[in-house]
Structure formats: structure tokens, C-alpha cells
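Chain letters run A, B, ... following the sequence lines, proteins first, then strands; residues in each count from 1.
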There are 2 protein chains.
Amino acid sequence: MQSGITLLGYALLGLIQQKPASGYDLRKIFAETPMGTFSDSPGAIYPALLRLEQRKLIQGTIEAGSGLRQRKLLRLTVAGHAELKTWLSAPITQDDLSHRSNELMLRFAFLDHMLGEAATLRFLRSLEAELRIYVPGLQAFLKSHGPKMPISGRLALESGVLGYEAQLRWASRAVSVYEQKIKAK
Amino acid sequence: MQSGITLLGYALLGLIQQKPASGYDLRKIFAETPMGTFSDSPGAIYPALLRLEQRKLIQGTIEAGSGLRQRKLLRLTVAGHAELKTWLSAPITQDDLSHRSNELMLRFAFLDHMLGEAATLRFLRSLEAELRIYVPGLQAFLKSHGPKMPISGRLALESGVLGYEAQLRWASRAVSVYEQKIKAK
DNA sequence: CGATACATGTAAGAAGTTACATGATTGT
DNA sequence: ACAATCATGTAACTTCTTACATGTATCG
């Protein structure tokens, strides 16, 4: 993360971009949806929002609302938009696959709304291509190291491989969904 | 983690239990195997080992070896064994499934060697049972919220659901592998 | 009137990241 | 001689966790 923004930061940025929100709104999203394994604790979210505000990636305006307690509605700044776009546009690496697959899915979830269908399709094709390199590597590791591993270790590894295989099938299907969508126009 | 031991700590404990090892050995395991998404940085591992040693869960003996630089071989203490066993024996919760599935797989990988096949089978059956509750919940969420979600958000969620479905199929198969193993005796 | 949901934050401490420091041994 | 591998650690910084603090509005 050479930009100095954590994954939580990008998650917040992406959600705010989809729809301006308060810290409380964002907390609820993390608490109530099965997506993302982000913390819903105020001790993580409010400081993260403060950092984004200090970097001028988001800006809060206090809603003079319906008499409720003050509520700060957060919006992306121009710089925030740019930062999010840069993050979404980064090429997919093997290292992303092995260590940051949740980050990849988070990027995907925001891509369509932010950069459009063509960019999303490019992302999915690239993801599929990288998985087609990565998965056989895992399978080969399993084949060569498996026999000398204890059975439970081998099974645990197999579980991981099956997960990536499922992701590959998903990516292929998602590619065709987007191809259809684009062709339909 | 009310025991005050992090997941990295348990990973180290489990690996040391399988085979006494040095910090360097452990680093290499994290760096070279696709299992576990643990840091291979000395700045994470050595302090973690120090904490385990301070809690008297592991004990290091300097190997008067082949002339190489001093190498501290780490072994579990009796208390370390007990701690690992407690961790491995904890019941599986829905929260484990949604927020700590990597911890569950790590536990599984160590279970057989530490507690034997019968305990491993119990774990797998429990995992399968919890997944049979969890997966339909995810599917229901997808069905009810999916239609009002943007396509990419829905697909991202589907990817997660597919991953859990794959894990459920894996768990069922692993159960039968262990049933066979036990019956064969 | 009490519980719950709304709403935003802070403080202390634990743990991880990155980068640096140190030094021995082995192979070329 | 030099690079790579073995081997263990520390320091500064960032971030997250847990727990606390504070206060309003609504519902039964």
C-alpha cells in the first residue's frame, strides 16, 4: 500500500463514492452486510475517516437535519475520486491473488459504478488470465508436496485450491455476463 | 482472542508442535508455502515468538550445531501443548465462519497431528453442519438484496457465496475421507 | 421512564509493517 | 573478493482492538 491508504480506507472511499454517507451509515454497512470483513467499530472507522479527510480525499458537511443529532455527510473530493480511480486501475498481480484476493473483490465491487462496464470487463479478463496461471501453480504444488504432507495439511491446502478454482469459474462466468451486457447495447 | 494469542501465535505454536523449528525455519514456511497468509517478516515473527516464550508456551534451546551461526530451536512446553489443544477444541461458531474462516482452516490443518482422527472428524462434521446453516443464509441475503444491488456488487457477493459453497462441498468430502480412514482400522 | 437506535468520537495498549543492523558460512 | 544464504533481532511508525464517553430522539 504505497499510497498510505489502508484497505479499510479504500472501502470507505468506494462506499462514499457510491452514495454520500455518514460514519454511522458506513458502520452499519460493515455490520449488516456479509460483504467485506471490515471492522464495524467506531475506533477503526472514525480515525480512518479522519485520515481521509486530512488527506483531502473526502469532505464532510454537517447536515442541518430533521432535529437529529448532528450528522456529518461525507462526500469524495476531486482528489478522492482520482485516488479511487488509480487504485481501481492498478494491474492485477500474482501477489494480489495469493495475498490480497479480498482487495481484488473489493475493487471489482466498485469498478462498474466508478469506471464503467468496459473497464470492469477488462478487469475481469485480467483476473481470469492471472487465475489461469495461478491455479495450475497451486495444483502443481499440491501434487508435488501433497504426498509427503500429513493428510489434514493436504486437505487444508486442497480447500484453498478448490476456493481458487471456484473463483476462476466465477470469473469466467462474470466475463460472459459483462460481454452480454455490453453487446446488448 | 481472549487468550491474548494472535492467529500468528497459534500458527507458530502449531508448526512448532509438528516439528521443533527455529524462527528462520518458520519464516521460510510462511514465505514458501501457499498455506496461510502470514507475514514472513522478521519484525512480525521474532516478537511473536518472544511473546510465546515469555508466556512459557515455547522454549528455545540453542543448538550447538555444525558451526553455523547460533540457531535457537523452539519446542512447545507442556503449557504450550495445553494452550494449543484448547484452541483446537473450541466449538465452531457462525462468527468463525463469517469472519475467521482462515483460522478454522489453520485449526483443521493442525488437528489430526495433535488430537487424532476422531477429533478431526468431529471438527469436520461440526464445520459441515455450521456451513449448512450459514450458506443458505448467504443465499437468502443474495436473493433478497441482490435485485436492488448494482450488478458488480451482486457478482462480488456471489463470488463469496460460491466460495462458501465450495468449502461446504470440500467439508463433506473431507468428512468421508476421515470416515473411511477410521473405518479402515 | 427506560430501552433502543441514532451519532460521533477518544484513550490505552497490542500488534503488524518497513527498514535497518549485525554477523557467520558457503559457493563461485 | 563478493554474493547469497543462514540466522536473529531492533526501532519507528501506523493501525486496529477494546473499552469508554457523551448526548439526542423515539418508541412502548
Would Lys185(A) and Glu117(A) pass as an ion pair if we require N to O under 4.0 Å?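 Looking at Lys185(A) and Glu117(A), the cut-off is met.
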What I want to find out is whether Glu179(A) reaches Arg125(A) closely enough, with some N-O distance under 4.0 Å, to be called a salt bridge.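 Answer for the salt bridge query: yes.
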Under-4.0 Å side-chain N/O to phosphate OP1/OP2 contact, [X] with [N]:
X	N	answer
Arg51(A)	dC13(D)	no
Tyr24(B)	dT8(D)	no
Ser39(A)	dT17(D)	yes
Thr6(A)	dT14(D)	no
Tyr46(B)	dT8(D)	yes
Arg71(A)	dT8(C)	no
Ser22(B)	dT8(D)	yes

Protein-nucleotide distance (Asp95(B), atom CG; dT17(D), atom C1'), rounded to Å: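 Atom-to-atom, Asp95(B) to dT17(D), this comes out as 15 Å.
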Looking for any heavy atom pair under 4.0 Å, which part of the strands does Leu50(B) touch: base, sugar-phosphate only, or nothing?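 No contact.
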Can you work out whether Pro42(A) or Gly9(A) has the more 5'-proximal nearest nucleotide on DNA chain D?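 Residue closer to the 5' terminus by nearest nucleotide: Gly9(A).
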